[in-house]
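Data first, discussion second: the structure below is written as structure tokens.
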Amino acid sequence: MAVKYTIPRGTFDILPEKSYIWNYIKHVFAKTAMEFGYKEIVTPIFEKADLFERSVGDTSDIIQKEMYKFKDNKQRTFALRPEGTAPVVRSYVENNMQANGGLQRLYYMGPMFRYDRPQKGRYRQFYQYGVEAIGSNHPYVDAEVIALQYAFLKRLGLKGIVLEINSLGNKASTEGYNKALRDFYEPHKEEICGDCIARLEKNPRRLLDCKVPTCKEIAAVAPVMIDYLDDECKEHFEAVQIYLKAMDVEFKINPRIVRGLDYYTHTAFEFLNNKLGAQNAVGGGGRYNGLVQQIGGKESPGIGFAGGFERLILSLEQEELFMGNEPGPDVYAVILGDKALVKGSELMQKLRALDVKIEYDPIKVSMKAQMKTANKVNAKYALIIGENEIDNNAYVLKNLDESTQDSLTESELLEHFNK
RNA sequence: GUGGCUGUAGCUCAGCUGGCAGAGUACAUGAUUGUGGCUCAUGUUGUCGCGGGUUCAAGUCCCGUCAGCCACCCCA
């Protein structure tokens, strides 16, 4: 079909039949976050580009090739946000939330943008939900944030998702580890793939999960991050695990977890659905103790996570958790003729005032077509309004599930729905 | 950004070595003069993704392009 205007590549419309499930997920997330004491924060869709360049890290692909950058009329460079943490931290610093003291618990939802080649579960405009807890380095907070996302996924009914955690240590241990990795790989330079040679420079941790067989063999005996943690980092990581167990959160330690953004330190975690194919990360996050300072605030430790709506919906569909369809109307009005429609309009309006969800479709003319539609939209009742009913003040209310019907006067009808 | 597969009715898809564009489903009408779901009958729906080329003739072959999917990459 040749349509004149088509949607931009890597974007999608949320059509009415899907918007119900989107709203449902948003609702469940907001509810879960609020139970943990998190409050919503809404930041703009675009920010100054250098906010991301400085925080996310200028070596990452997200900044190097995936950011939607543009100049406004005054030649200032902005970017559509590629992720949610930097804007929240910017707002935290700019609004001096530190002055409130204590821990700030924030949640957000909204579209993010990355210029990448689309495939299933990967879009150029995609929707994330996430939280940030800023102001404490206590390992309980790490566990709380993880437990929140865990609770959210459980509440949606998802079973096929596993949680993996890791510690990336502090800056010193990360640097030490990266050096150890580079030293280890140096003598193997001839044997590893081209991608891995680039990783050696750019992001040595990624060497560990290369899929090329020869690289895999080498990676299997490469040094592991956990051995490079100092005592403080180790203690923190162990404490997180104790709290997670206390909160009955199931997890697995995976020393190979790498996060895509440069600002992560200490705890890192991922929720994976391995039935999803290549794009299997349903959500993930980690601690970012240096980020607030980097963005210009007083040093303040933080941790957060983000997850994608699209992969969540794919997972729900896969596990056949369709959350039910949108409920049908309470009443479908079967109105026979234009004369009856005048009284019908009046009646429908009176019922709506009683909070009754009522639909009518003037395109369907015959009674048969209207009854059929009432059935199709899954209405509980069909209300028949014809000239006979109006003349006799006796309206037929048919219960479509039970196939029973009663004849009611207008006041009886309103009484029936006045609960 | 790299490689591969696919694009035909609203949806799912068939269409062979070029020869009248199809099925199921959905939708509409009727069987049932004002009562839905089941059944049966009849009917409507197409720039065959788009542009070009080869040919008497292209949904089919060739080139280009756009889009989706799969893998890499990256990550949500």
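All values derive from a computational prediction rather than experimental measurement. Chain letters run A, B, ... following the sequence lines, proteins first, then strands; residues in each count from 1.
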Distance, C1' atom - from B/G49 to B/G59, rounded to whole angstrom: 12 Å
C1' atom, B/A57 versus B/C74: distance in rounded Å? 48 Å
Residues A/Glu186, A/Arg182: salt bridge by 4.0 Å N-O rule: no
Answer with base, sugar-phosphate or nothing: what part of the nucleic acid does A/Val334 contact at a heavy-atom distance below 4.0 Å? nothing
For A/Arg105, is there an ion pair with A/Glu40 - N to carboxylate O distance below 4.0 angstrom? no
Under the criteria of a ring-centre distance below 5.5 Å and an interplanar angle below 30°, is A/Phe309 stacked with the base of B/A76? no
So, A/Glu66 and A/Tyr68: side-chain donor and acceptor under 3.5 Å apart, yes or no? no
For B/G24 versus B/G53, give the span between their C1' atoms, rounded off to a whole number of Å. 36 Å
Take atom C1' in B/G68 and the same atom in B/C11, then report the distance between them in whole Å. 16 Å
For A/Gly308 and A/Val365, find the nucleotide of RNA chain B closest to each by heavy atoms; which residue's nucleotide sits nearer the 5' end? A/Val365
Can you see whether A/Glu132 engages A/Tyr288 through a side-chain donor-acceptor pair at a distance of less than 3.5 angstrom? yes
With a 4.0 Å limit, can you tell me whether A/Lys364 has a side-chain N or O closer than that to the phosphate oxygens OP1/OP2 of B/A28? yes
Taking only the C1' atom of each, what is the distance from B/U17 to B/A58 in whole angstrom? 14 Å
Mind listing the N/O atom pairs, protein and nucleotides 69-74 of chain B, below 3.5 Å?
{"from": "B/C70", "atom 1": "OP2", "to": "A/Lys120", "atom 2": "N", "distance (Å)": "2.5"}
{"from": "B/A71", "atom 1": "OP1", "to": "A/Ala278", "atom 2": "N", "distance (Å)": "3.4"}
{"from": "B/A71", "atom 1": "OP2", "to": "A/Gln119", "atom 2": "NE2", "distance (Å)": "3.4"}
{"from": "B/C72", "atom 1": "N4", "to": "A/Arg122", "atom 2": "NH2", "distance (Å)": "3.3"}
{"from": "B/C73", "atom 1": "OP1", "to": "A/Arg199", "atom 2": "NH2", "distance (Å)": "3.4"}
{"from": "B/C73", "atom 1": "OP2", "to": "A/Lys211", "atom 2": "NZ", "distance (Å)": "3.2"}
{"from": "B/C73", "atom 1": "N3", "to": "A/Arg122", "atom 2": "NH1", "distance (Å)": "2.8"}
{"from": "B/C73", "atom 1": "N4", "to": "A/Arg122", "atom 2": "NH1", "distance (Å)": "3.1"}
{"from": "B/C73", "atom 1": "N4", "to": "A/Gln279", "atom 2": "NE2", "distance (Å)": "3.0"}
{"from": "B/C74", "atom 1": "OP1", "to": "A/Arg199", "atom 2": "NE", "distance (Å)": "3.4"}
{"from": "B/C74", "atom 1": "OP2", "to": "A/Arg199", "atom 2": "NH2", "distance (Å)": "3.0"}
{"from": "B/C74", "atom 1": "O2'", "to": "A/Glu66", "atom 2": "OE2", "distance (Å)": "3.2"}
{"from": "B/C74", "atom 1": "O2", "to": "A/Arg122", "atom 2": "NH1", "distance (Å)": "2.9"}
{"from": "B/C74", "atom 1": "N3", "to": "A/Gln279", "atom 2": "OE1", "distance (Å)": "3.4"}

Using the C1' atoms only, state how far B/U32 lies from B/C40, rounded to an integer number of Å. 13 Å
Is the ring centre of A/Phe251 less than 6.0 Å from the ring centre of A/Tyr150? no
Does A/Lys376 put a side-chain nitrogen or oxygen below 4.0 Å from OP1 or OP2 of B/A26? no
Looking at A/Asp116 and A/Arg124, does any basic side-chain N land under 4.0 Å from a carboxylate oxygen? no
Donor-acceptor pair between A/Ser315 and A/Asn273 side chains, under 3.5 angstrom: yes
Under 3.5 Å, is there any donor-acceptor pair linking the side chain of A/Glu389 to the base of B/G34? yes
Can you check the distance between B/U54 and B/C62, where both ends of the measurement are the C1' atom (answer in whole Å)? 7 Å
Using atom P in both nucleotides, what's the gap between B/G10 and B/A28 to the nearest angstrom? 16 Å
Want to settle it: does A/Ile384 or A/Lys368 sit nearer the 5' end of RNA chain B, counting the closest nucleotide to each? A/Lys368
Between A/Glu250 and A/Lys245, is there a salt bridge with N-O shorter than 4.0 Å? no
A/Tyr228 ring center within less than 6.0 Å of A/Tyr177 ring center: yes
What dot-bracket string describes RNA chain B from 5' to 3', counting Watson-Crick and G-U wobble pairs whose defining distances are under 3.5 Å, with [ ] for crossing pairs and | for pairs to another strand? (((((((..((((.....[..)))).(((((.......))))).....(((((..]....))))))))))))....
Classify the side chain of A/Gln405 and the base of B/U35 as holding, or not holding, a donor-acceptor pair under 3.5 Å. yes
Ion pair A/Lys252/A/Glu164, N-O distance below 4.0 Å: yes
